[in-house]
Amino acid sequence: MPISRDESDPIATVVDWLDACRSRRICALLDLYDEAATLECACDGQQSLTGRAALEAYWRPRLAAPLPGSFAMDDVTADAEGVMLDYQNHDGRPVRIHFRFNQMGKILHTRCRPLNRCA
């Protein structure tokens with residue numbers, strides 16, 4: 001279901017998400033998510049998580065000691081379903097993550113995978 005563009009700015013939410021990751025503010029990061037949000041991650045094997053507790057367990061170790069240059073934005077674009085972000089993850093590896101939002105502008109679903117770039 002599309003979000004109301006009058007109430008929220010999905011690209012701004014993604015930038016806030018990245019800022020929370022950079023500054024290692026787990027509570028600020030989790031506040032961007034819907035209470036029933038889901039995450040599908042194919043970066044280190046396939047995993048699917050649902051809910052705030054699962055998201056916290058996923059993100060807390062990744063924010064604890066990121067490498068220098070982590071969470072740098074490479075590209076961000078809006079599409080019909082949400083926002084796609086290419087960035088450097090906590091290990092400095094390129095990742096593509098797609099965000100979908102609820103009607104209140106909270107992150108409802110994310111799906112990430114390694115971004116393999118050709119030299």
Student: Within the distance-only criterion (no hydrogens, no angle test), does the side chain of Arg96 pair as donor or acceptor with the backbone N or O of Leu115 below 3.5 angstrom?
Tutor: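 No.
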
Student: Are a donor atom and an acceptor atom from the side chains of His98 and Asp79 found within less than 3.5 Å of each other?
Tutor: yes

Student: Would Ile97 end up clustered with Leu63 when hydrophobic side chains under 4.5 Å apart are linked, directly or stepwise?
Tutor: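 Per the 4.5 Å side-chain linkage, Ile97 and Leu63 are co-clustered.
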
Student: Can you name the nearest heavy-atom pair linking Ser70 to Asp91, along with the distance?
Tutor: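 That would be OG-N, 4.2 Å.
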
Student: To check you understand the geometry: which heavy-atom pair defines the closest contact between Pro61 and Glu56, and what is its length?
Tutor: CD-O, 4.4 Å

Student: Closer than 4.0 angstrom, basic N to acidic O: yes or no for Arg52 and Asp31?
Tutor: yes

Student: Hydrogens and angles aside, do His109 and Thr38 bring a side-chain donor and acceptor to less than 3.5 Å of each other?
Tutor: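 Short answer, yes.
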
Student: Hey, are the side chains of Asp74 and Gln88 touching, using non-hydrogen atoms and a 4.5 Å cut-off?
Tutor: yes

Student: For the hydrophobic clusters of this structure (ILVMFWY residues joined by side-chain heavy atoms under 4.5 Å, transitively), does one cluster hold both Leu39 and Met84?
Tutor: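 No, separate clusters.
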
Student: On a heavy-atom basis, which atom in Leu32 and which in Asp16 lie closest, and how many Å separate them?
Tutor: CD1-C, 3.8 Å

Student: Does the side chain of Met73 reach to within under 4.5 Å of the side chain of Val15, using non-hydrogen atoms?
Tutor: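 Of all side-chain heavy-atom pairs linking Val15 with Met73, at least one is under 4.5 Å.
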
Student: I'd like to check Thr110 versus Tyr33 (side-chain heavy atoms, cut-off strictly below 4.5 Å). Are they in contact?
Tutor: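 With C-beta onward as the side chain, the pair touches.
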
Student: Taking the side chain as every heavy atom from C-beta outward, state whether Leu29 and Cys21 have any pair of such atoms under 4.5 Å apart.
Tutor: yes

Student: Thr13 versus Phe99: any side-chain heavy-atom pair under 4.5 Å?
Tutor: no

Student: Ring centres of Trp17 and Tyr87 under 6.0 Å apart?
Tutor: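 Yes - the distance between ring centres of Trp17 and Tyr87 falls below the 6.0 Å cut-off.
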
Student: Could you tell me if the side chain of Val83 sits less than 4.5 Å from the side chain of Val76, heavy atoms only?
Tutor: yes

Student: Looking at side-chain heavy atoms only, is the closest gap between Cys41 and Gln46 below 4.5 Å?
Tutor: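 No, too far: nothing below the 4.5 Å cut-off.
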
Student: Is Ile11 linked to Leu108 within one hydrophobic cluster, defined over Ile, Leu, Val, Met, Phe, Trp and Tyr using a side-chain heavy-atom separation of less than 4.5 Å?
Tutor: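 Per the 4.5 Å side-chain linkage, Ile11 and Leu108 are not co-clustered.
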
Student: Which atom names give the shortest non-hydrogen contact between Cys43 and Pro114, and what distance separates them?
Tutor: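 Where Cys43 meets Pro114 most closely, the heavy atoms are CA-CD, 3.7 Å.
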
Student: Rounded to the nearest 0.5 Å, what's the gap from CG on Leu30 to CZ on Arg25? Could you check?
Tutor: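 Those atoms lie 11.5 Å apart.
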
Student: For a 4.5 angstrom cut-off between non-hydrogen side-chain atoms, does Phe71 reach Leu18?
Tutor: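 Yes - at least one pair of side-chain heavy atoms lies under 4.5 Å apart.
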
Student: Distance to the ring centre below 6.0 angstrom and angle to the axis at most 45 degrees; does that hold for Arg62 and Tyr58?
Tutor: yes

